[in-house]
Amino acid sequence: MAAESPDAPDLQRARDWLAHAASLAVLTGAGISAESGVPTFRGAGGLWKDHKPEDLATPEAFARDPRLVWEWYNSRRERLAPAQPNAAHRALVKLEIRIARFTLITQNVDGLHDRAGSGKTLKLHGDIWRLRCTVCGANWPDRRVPLPKLPPHCGCGGLARPGVVWFGEPLPEGMMKEAEHAVSDAEVLLAIGTSALVHPAAGLIPHAKHAGAKVIEINTEDTPYSGMVDCALRGPAGEVLPLLV
Ligand code: BJW
Ligand code: ZN
């Protein structure tokens with residue numbers, strides 16, 4: 001169920017927790033970039049409405065038809081290139097400056113946290129602006145839009161793939177451990193704009209709760225964890241988050 005704006009007492013509680021937290025972990029998902037014009041995955045207007053994940057976001061799909069997969073990623077890069085960080089991305093930069101032990105964990109591949117000025121970010125699902133060689137394993141940044149030739153290749157001649165994590169693939173080595181550690185250490189976890197359906201990332205929410213953190217969810221809709229979080233703030237991240245900072 002969608003709602004317009006959070007209750008004032010909920011906002012006040014969340015504001016107090018953040019004002020007094022010595023450590024904060026933040027988990028973001030596609031919803032934080034929605035107000036930058038970036039489509040989410042699930043729901044009305046989401047990327048999966050017209051495309052089946054198994055046709056485009058799996059290693060099997062890439063092995064079957066690398067050009068088709070690359071055309072989809074190329075078109076997403078074209079749409080992302082002019083997108084600007086929004087007030088929610090910027091509010092997280094302010095929190096990072098204010099809170100000594102701060103960890104930003106994102107499922108997003110869009111690079112908008114970097115462009116807003118966030119420091120180190122644990123990019124659990126990789127980065128759409130990086131490519132990786134399927135033969136020699138080299139990986140490199142490439143912001144060219146459009147890519148001059150699809151599918152792109154590595155200097156070694158091997159086929160290159162998007163530097164993202166597809167279904168059935170492991171997350172970047174050690175990153176989930178680092179995220180779990182940050183969440184265990186956090187007095188507050190902010191979960192922003194994620195449907196919390198994709199694992200292992202979604203598991204960070206109950207992980208934080210069991211480790212004793214106050215969990216604040218910011219989302220336009222309910223998620224599977226809305227009933228267990230300490231404070232569920234309904235509304236667009238770009239409007240709600242600046243009210244907390
Ligand atoms: C707003 C808003 C606004 C809108 N303001 N809010 C346990 C149980 C079941 C399955 C599994 C499990 N563990 C693992 C699995 C399998 C699988 C999985 O989770 N499947 C489930 C979907 C069933 N997971 C994996 O395969 C992962 N790998 C893995 O587990 O490896 C194990 C392994 C170990 C060793 C060897 C081999 C394997 C990998 C997952 C990779 C996910 N990849 C994608 C694509 C990335 C590349 C790309 O961009 O193309 O990542 S899928 C897609 O979903 C993308 C996202 O990061 C991810 C999460 O989506 P997110 O961010 O939550 O977006 P949405 O669209 O779902 O939600 C948006 C939310 O925003 C909504 O709630 C809106 O309401 C809200 N919103 N506007 C605030 N303005
Ligand atoms: Zn190579």
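Just so you know, ligand 1 is whichever comes first in the structure, and atom 1 is the first atom listed for that ligand. Bear in mind that the values here come from a model prediction, so they are computed numbers and not experimental data.
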For atom 35 (C) of ligand 1, the option (of Ala237, Gly193, Pro170) bearing the nearest heavy atom
Pro170
Part of Glu35 with heavy atoms under 4.0 Å of ligand 1, whether side chain, backbone, both or neither
side chain
Taking atom 26 (O) of ligand 1 as the reference point, the nearest protein heavy atom with its distance:
Gly168 N, 2.7 Å
Looking at Asp222 and Arg234, is any side-chain nitrogen of the basic one under 4.0 Å from a carboxylate oxygen of the acidic one?
yes
Give the residue, atom name and distance (to 0.1 Å) of the protein heavy atom nearest atom 10 (C) of ligand 1.
His199 CB, 4.9 Å
Intermediate values then yes/no, salt bridge (Lys or Arg N to Asp or Glu O under 4.0 Å), Glu71 and Arg67
CA-CA 6 Å; Glu71 277 167 1; Arg67 191 182 164 83; 3.1 Å; yes
Atom 74 (C) of ligand 1 - nearest protein heavy atom and its distance:
Asn219 OD1, 3.4 Å
Looking only at protein heavy atoms, identify the closest one to atom 2 (C) of ligand 1 and say how far it is in Å.
Gly31 O, 3.4 Å
Nearest non-hydrogen protein atom, atom 62 (O) of ligand 1:
Ala30 N, 2.8 Å
So, the side chain of Arg77 versus the backbone of Arg144: is there a donor-acceptor pair under 3.5 Å, distance only?
yes
Does the His89 side chain pair with the main chain of Ala87, one donor and one acceptor, at a distance under 3.5 Å?
no
Part of Val164 with heavy atoms under 4.0 Å of ligand 1, whether side chain, backbone, both or neither:
side chain
For atom 52 (S) of ligand 1, which candidate among Phe167, Tyr73, Phe41 holds the nearest heavy atom?
Phe167
Within the 3.5 Å criterion, strictly below it, is a donor on Thr106 or Thr28 matched to an acceptor on the partner's side chain?
yes
For atom 59 (C) of ligand 1, state which one of Gln107, Glu169, His125 supplies the nearest heavy atom.
Gln107
Compare Asp127, Thr220, Thr223, Ile32 and give the one whose heavy atom is closest to atom 1 (C) of ligand 1.
Thr220
Does Val109 approach ligand 1 within less than 4.0 angstrom via side chain, backbone, both or neither, non-hydrogen atoms only?
side chain
Does Glu178 come within less than 4.0 Å of Lys120, counting only side-chain N to carboxylate O?
yes
To the nearest 0.1 Å, how far is atom 41 (C) of ligand 1 from its closest protein heavy atom, and which atom is that?
Val165 O, 3.4 Å
the protein heavy atom lying closest to atom 49 (O) of ligand 1 turns out to be Arg76 NH2, 2.7 Å
With a 4.0 Å heavy-atom cut-off (strictly under), which part of Leu197 contacts ligand 1: side chain, backbone, both or neither?
backbone
Kindly state whether the ring of Trp48 and the ring of Trp72 have centres lying under 6.0 angstrom apart.
yes
Per-atom filter on ligand 1: closer than 4.0 angstrom to a heavy atom of Pro236 are 3 (C), 5 (N), 80 (N)
Nearest-contact summary for atom 78 (N) of ligand 1 - protein heavy atom, Å
Ala34 CB, 3.6 Å
Step by step, would you call Val26 with Leu189 a side chain to side chain contact (heavy atoms under 4.5 Å, CB included)?
CA-CA 6 Å; Val26 181; Leu189 173 75; 5.9 Å; no
Has the side chain of Asp65 got a donor or acceptor atom that lies under 3.5 Å from a matching backbone atom of Leu68?
yes
I'd like to know if Leu24 and Leu243 are part of one continuous hydrophobic network [Ile/Leu/Val/Met/Phe/Trp/Tyr, side-chain heavy atoms within less than 4.5 Å].
yes
Check each atom of ligand 1 against the heavy atoms of Gly29 and keep those under 4.0 Å away; list them by number with element.
62 (O)
Give the atom numbers and elements of ligand 1 that come within less than 4.0 Å of a heavy atom of Glu221.
75 (O)
Atom 47 (C) of ligand 1: protein heavy atom closer than 4.0 Å?
yes
Would you call Asp230 and Lys209 a salt bridge, taking side-chain N to carboxylate O under 4.0 Å as the test?
yes
Polar atom proximity, Thr194 to ligand 1 (N or O, under 3.5 Å):
yes
Taking 4.0 Å as the limit for heavy-atom contacts, which would you say applies to Trp166 with ligand 1: side chain only, backbone only, both, or neither?
backbone
So that I can tick it off, tell me whether Arg13 and Asp16 are bridged by a salt bridge, with the cut-off set at under 4.0 angstrom between side-chain N and carboxylate O.
no
Main chain of Lys214, side chain of Trp17: is a donor-acceptor contact present, judged purely on distance under 3.5 Å?
no
Within 45° cone and under 6.0 Å: Arg161 NZ/CZ vs Trp166 ring
yes
Metal-centred angle, SG of Cys133 through the Zn ion (ligand 2) to SG of Cys154, rounded to 10 degrees
110°
